[in-house]
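Report on the structure given below.
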Amino acid sequence: MSISWRLGRASILALSAALVVTSAAQARELRGWNLHVPDYPGSIAMEEFAATIAEGTEGRYSGSVFHNGQLGDQRFAIEQFAFDGIDFAVFSGGSLGDFAPALNIVSMPYVFRSQEHMFEVLDGEIGERLSDALADHNMVALAWYTGGSRSFYTVRTAVRSVDDLQGLRIRVPDADIFVATVEALGANATPLAFGEVYTSLQTGVIDGAENNAPSFESTRHYEVAKYYTLDEHLMVPEALVVSKTVWDGLSPEDRTVFRDAARASAQTQRSLWAEREAASAEVLQEAGVEFIEVEDKQPFIDAMAPVYERFVTSEEAQALLADIQATGN
Ligand code: BDP
């Protein structure tokens, strides 16, 4: 009697343990890659995305965001998607372009007339086309963040014209479109990981770099580089992507939760971005950075012809560019 009671109790315990294991297996914690510091606009927006999917799926999915490039540099992180090593991330269109060439077309120098033009392009049918282009790399782009405009900053000499860039060693992210853009302007493009730029500026390995004001500020590169030339050569969008493996396993309801959460997080990112741009400009000015306005951008724009010749070759790329240019007109 007592033995059977014990067995009965044991099997009940085993059964409830099995139930716990089953529900734990169903709750999936997604790993999120992020390059930036935790208080960066995109970082806050990614956290919001993670919290919203946890709430909306009642805990079936949750997300942890690893900030500061803790999970590796951007190229490595993009590659990790193929192996399900990372489940969601915010990637630069320019970095994705090395993998899916369509992404280069929205990362071309001076391709957008304004930030509004960029949002109109990405939030519409073109954004879907770009997402489809990422499928081979096991990604789905759910929403688009802004990466602001990238401009040059230098240590020793102020850049006031294209002439001033000739032969300068300028750090760029490790991706073709960045290298080609900076080389077309006559500088020596030096691809380096984001985290290596500060010391490289300090030790004179490079003469300068290029980025938007929030990144120039959050990395503290302004402690070394005191000239910021607002030529705005690149306006590169950033994609909030999730792994296609994860996406394919979602129910239609959960897909809606993910998509809505992504879009809401993009709205958050875009409004935080505007605030951070202004705050960063203030920090830079207080630190004594000289802002150099470029009155006439035409020589910079003209210098980009070889970049267009190199990247806009296929019919698909030409059609995409034409559609971007026709959007909002
Ligand atoms: C930041 C972008 C990030 C780039 C980084 C860089 O958000 O995607 O990789 O610049 O310059 O502004 O490496």
Side-chain angles (χ1 to χ4, degrees), residues 32-46 65-81 86 88-100 103-104 106-107 109 115 118 122 134 139 141 143-154 169-182 187 189-201 206 208-222 224-225 228 230 232-241 265-266 269-270 272-274 276-277 279-281 284:
W33 176 91
N34 176 36
L35 185 63
H36 293 286
V37 291
D39 76 345
Y40 204 73
S43 312
I44 297 168
M46 283 183 82
V65 186
F66 294 85
H67 300 292
N68 286 316
Q70 280 173 71
L71 299 181
D73 72 17
Q74 190 149 197
R75 174 179 289 281
F76 173 81
I78 293 171
E79 286 164 357
Q80 285 305 301
F81 272 73
I86 294 172
F88 67 108
V90 171
F91 290 131
S92 160
S95 300
L96 289 169
D98 271 9
F99 296 81
L103 273 289
N104 278 329
V106 284
S107 308
Q115 187 139 269
M118 179 178 86
L122 297 168
L134 290 167
M139 291 177 201
W144 302 90
Y145 290 7
T146 178
S149 294
R150 298 175 75 99
S151 289
F152 291 102
Y153 47 87
T154 45
R169 276 161 308 167
I170 300 290
R171 175 272 169 175
V172 291
D174 181 15
D176 289 348
I177 193 79
F178 296 102
V179 174
T181 299
V182 168
T190 309
L192 281 176
F194 197 48
E196 286 167 30
V197 184
Y198 190 103
T199 358
S200 306
L201 287 167
I206 49 175
E210 46 85 55
N211 222 316
N212 51 60
S215 278
F216 184 21
E217 171 263 308
S218 69
T219 52
R220 303 186 147 266
H221 293 168
Y222 62 85
V224 191
Y228 196 27
L230 303 175
E232 301 184 313
H233 49 274
L234 291 169
M235 192 186 283
V236 182
E238 304 196 353
L240 171 58
V241 297
S265 82
Q269 191 269 349
R270 294 174 191 183
L272 289 176
W273 185 264
R276 182 64 177 247
E277 261 186 340
S280 297
L284 298 172

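In listed order, ligands and their atoms are each counted from 1.
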**Q.** Arg171 with Glu196: basic N within carboxylate O range, under 4.0 Å
**A.** no

Min over Arg171, His36, Arg75, Gln74 of heavy-atom distance to atom 9 (O) of ligand 1 lands on Gln74

Atom 1 (C) of ligand 1 sits nearest the protein heavy atom Ser215 OG, 3.5 Å

In this structure, atom 7 (O) of ligand 1 is nearest to the protein heavy atom Glu238 OE2, 2.6 Å

*Kindly say whether the aromatic ring centers of Phe81 and Phe99 come within a distance under 6.0 Å.*
no

Under 6.0 Å between ring centres: does that hold for His67 and Tyr40?
no

Notebook entry, point to check: Which heavy atom in Trp144 sits nearest to a heavy atom in Ala239, and how many Å separate them?
Noted result: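 In terms of heavy atoms, the two residues are closest at CZ3-CB, 3.5 Å.
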
inquiry  = Can you give me the closest heavy-atom contact between Tyr145 and Ala45, atom names plus distance?
reply    =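 Of all heavy-atom pairs spanning Tyr145 and Ala45, the closest is OH-CB, 3.5 Å.
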
Quick note on ligand 1: atoms under 4.0 Å from a heavy atom of Phe194 include exactly 5 (C), 6 (C), 10 (O), 11 (O), 13 (O)

Near Ser92 (heavy-atom distance under 4.0 Å), the atoms of ligand 1 are 8 (O)

Which segment of [X] sits under 4.0 Å of ligand 1 when only heavy atoms are counted:
X: Val90; answer: neither
X: Asn212; answer: side chain
X: Leu35; answer: side chain

Purely on distance, is any nitrogen or oxygen of Asn211 under 3.5 Å from one on ligand 1?
->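 Yes, since at least one N or O of Asn211 sits under 3.5 Å from an N or O of ligand 1.
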
Q. Are any of the heavy atoms in Arg150 under 4.0 Å away from ligand 1?
A.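 So Arg150 counts as touching ligand 1.
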
### Message
Before you tell me yes or no, could you show the steps for Val182 and Phe152 under side chain to side chain contact (heavy atoms under 4.5 Å, CB included), namely the whole-Å CA-CA distance, both residues' side-chain angles and the distance that decides it to 0.1 Å?
### Response
CA-CA 10 Å; Val182 168; Phe152 291 102; 4.0 Å; yes

Requested in this report: Assess the side chains of Gln74 and Ser92: does a donor N or O sit below 3.5 Å from an acceptor N or O?
Outcome: no

